[in-house]
Amino acid sequence: QDSEDRLRAAAAILDLTFENMAQGAIVFDADMRIVAFNRRYMELFDLPPEVVYVGQDLSEVLRARNARGHYPYVTDITERRRAELALKASETRIRAILENAGDAIVTISPDGIVLSTNPAAERIFGYDESEIVGRDVRTLMSPGTAIWPPPDLLSFSAETKGRRKDGALFPLEMSCARAHFGDSDVGILILRDVTAQKEMQAQLMHTSKLATVGQMAAGLAHEMNQPLNVVRMAADNALIRMERGEVDPSYLREKLELIGDQAEKVGKMILHMRVFARTDAPDLRPFDPIESVRSAVRLKIGRAHV
């Protein structure tokens with residue numbers, strides 16, 4: 001008796017659900033005879049009871065609908081299916097981009113915790129994804145690096161130092177964008193190892209400096225020739241005096257001091273050119289333009305204190 005009661009209750013619930021569905025529904029058997037239909041089906045197609053009833057051939061119902069010339073309110077899943085396929089294709093493209101990108105792509109929470117990485121991040125920094133997810137993203141870069149756009153910007157770019165798993169530092173270009181997903185913000189970091197580019201820039205800069213030295217060679221030869229002529233003349237005069245037996249200590253001291261001053265001037269010119277032509281260190285350092293001007297003036301006029 002309990003089983004029968006439960007069965008009747010379940011049947012009542014099923015009938016109630018079927019009758020109150022938002023969609024119109026009609027059930028037919030293998031002989032295309034109507035077994036059941038709900039109220040919503042009759043409302044949607046505005047069909048009279050003499051057309052739709054249990055035992056009726058379904059073709060008669062379709063014929064009556066066709067005579068009216070329209071099929072309103074039929075649930076068409078074509079667009080939904082198309083949208084699902086488009087979404088799936090988009091996800092496939094995004095996944096392919098992430099997996100094959102040459103730059104590290106890291107997603108972070110607002111407090112800088114790593115949420116995900118792509119294969120390039122593992123290759124650049126040396127961490128497996130499981131080793132870095134859940135840790136502070138600053139593990140991958142110099143301390144104090146800004147990793148979140150300011151309130152008035154959605155994105156920003158900067159140069160910093162990256163840190164590999166073995167502790168090695170390298171030049172790093174970083175772009176950060178803020179995006180909103182669901183109820184929270186997510187930061188998307190694009191990190192690029194620019195070691196090769198920095199080395200090439202340094203080589204090009206050095207080559208340019210050497211070319212400049214070559215262009216300055218004629219002017220330098222003239223500037224260096226003047227103190228060398230003074231040195232030669234002072235030495236010749238002192239030698240002539242010695243050959244004549246006119247050895248005056250004060251005269252010799254004057255000529256030797258003159259020779260020393262002019263030799264120092266030539267030496268400073270050479271030192272300036274060596275500094276200019278040397279390969280610069282890759283790290284950025286403060287630059288004093290006033291000292292640069294003073295150095296150029298000292299090179300030109302030969303004074304030690306400018």
Side-chain angles (χ1 to χ4, degrees), residues 22 75-205 280-287:
T75 301
D76 186 357
I77 66 169
T78 303
E79 290 301 323
R80 186 176 66 188
R81 180 59 176 165
R82 185 179 293 115
E84 290 174 351
L85 292 175
L87 178 60
K88 185 176 181 180
S90 177
E91 291 175 348
T92 301
R93 287 193 297 270
I94 292 174
R95 187 178 300 108
I97 292 171
L98 292 175
E99 292 180 353
N100 294 281
D103 297 336
I105 301 176
V106 181
T107 60
I108 60 172
S109 63
D111 55 355
I113 301 303
V114 176
L115 303 176
S116 67
T117 64
N118 68 337
E122 299 178 10
R123 183 176 66 255
I124 292 173
F125 294 97
Y127 290 97
D128 291 335
E129 185 175 23
S130 59
E131 294 179 295
I132 199 63
V133 169
R135 297 177 62 180
D136 195 318
V137 73
R138 296 173 185 85
T139 304
L140 305 178
M141 56 194 69
S142 297
T145 300
I147 49 87
W148 196 262
D152 57 334
L153 295 176
L154 290 177
S155 64
F156 77 98
S157 299
E159 286 193 11
T160 183
K161 287 288 185 180
R163 178 182 285 106
R164 306 190 201 277
K165 184 178 180 180
D166 60 5
L169 297 176
F170 63 95
L172 185 71
E173 283 185 357
M174 179 182 69
S175 297
C176 179
R178 182 173 66 249
H180 191 72
F181 292 101
D183 298 329
S184 61
D185 285 342
V186 174
I188 303 173
L189 298 180
I190 300 178
L191 308 173
R192 175 174 298 176
D193 181 355
V194 292
T195 301
Q197 292 91 322
K198 291 295 182 181
E199 291 176 351
M200 182 173 294
Q201 289 175 4
Q203 292 176 0
L204 291 174
M205 180 65 70
D280 291 330
D283 295 332
L284 296 178
R285 291 175 296 175
F287 170 71

**OP:** Look up atom CD1 in Ile132 and atom CG in Leu140, then write down how far apart they are to the nearest 0.5 Å.
**Re:** 4.5 Å
Subject >> Under the side-chain contact (heavy atoms from CB on, under 4.5 Å) test, residues paired with Pro149 that sit two or more places apart >> reply: Phe156, Cys176, Arg178
Original post:
Do Asp111 and Ser109 have a side chain donor and acceptor closer than 3.5 Å?
Top reply: yes
Subject >> Residue pair Glu129 / Ser116, side-chain heavy-atom distance below 4.5 Å >> reply: yes
**OP:** Scan residues 81-104 for pairs that pass ring pair (Phe, Tyr, Trp, His ring centres under 6.0 Å), counting only residues two or more places apart or in two chains.
**Re:** none
**OP:** Could you check if a side-chain atom of Ile108 sits within less than 4.5 angstrom of a side-chain atom of Ile147, using non-hydrogen atoms only?
**Re:** yes
**OP:** Return the set of residues passing salt bridge (charged side-chain N to carboxylate O under 4.0 Å, His left out) with Arg138 (not counting sequence neighbours), or none when no residue passes.
**Re:** Asp136
Subject >> Beyond-backbone contact of Asp103 with Arg192, side-chain heavy atoms, under 4.5 angstrom >> reply: yes
**OP:** Kindly state each residue pair satisfying side-chain hydrogen bond (donor to acceptor under 3.5 Å, both in side chains) with at least one member in residues 165-175, sequence neighbours excluded.
**Re:** Glu131-Lys165, Ser157-Ser175
Original post:
Hey, which of Lys161, Lys198, Arg163, Arg164 is the one that makes salt bridge (Lys or Arg N to Asp or Glu O under 4.0 Å) with Asp193?
Top reply: Arg164
Subject >> Summary of ring pair (Phe, Tyr, Trp, His ring centres under 6.0 Å) pairs that have at least one residue in residues 80-112, sequence neighbours excluded >> reply: none
**OP:** Quick one: closest heavy-atom pair of Asp185 and Pro110, and the distance?
**Re:** O-CD, 3.4 Å
Original post:
So which pairs with a foot in residues 100-125 pass ring pair (Phe, Tyr, Trp, His ring centres under 6.0 Å), sequence neighbours left out?
Top reply: Phe125-Phe170
Subject >> Rounded distance [0.5 Å steps], CD1 in Ile124 versus CG in Leu172 >> reply: 8.0 Å
Original post:
Is there a side-chain contact between Thr117 and Tyr127, using heavy atoms and a 4.5 Å cut-off?
Top reply: no
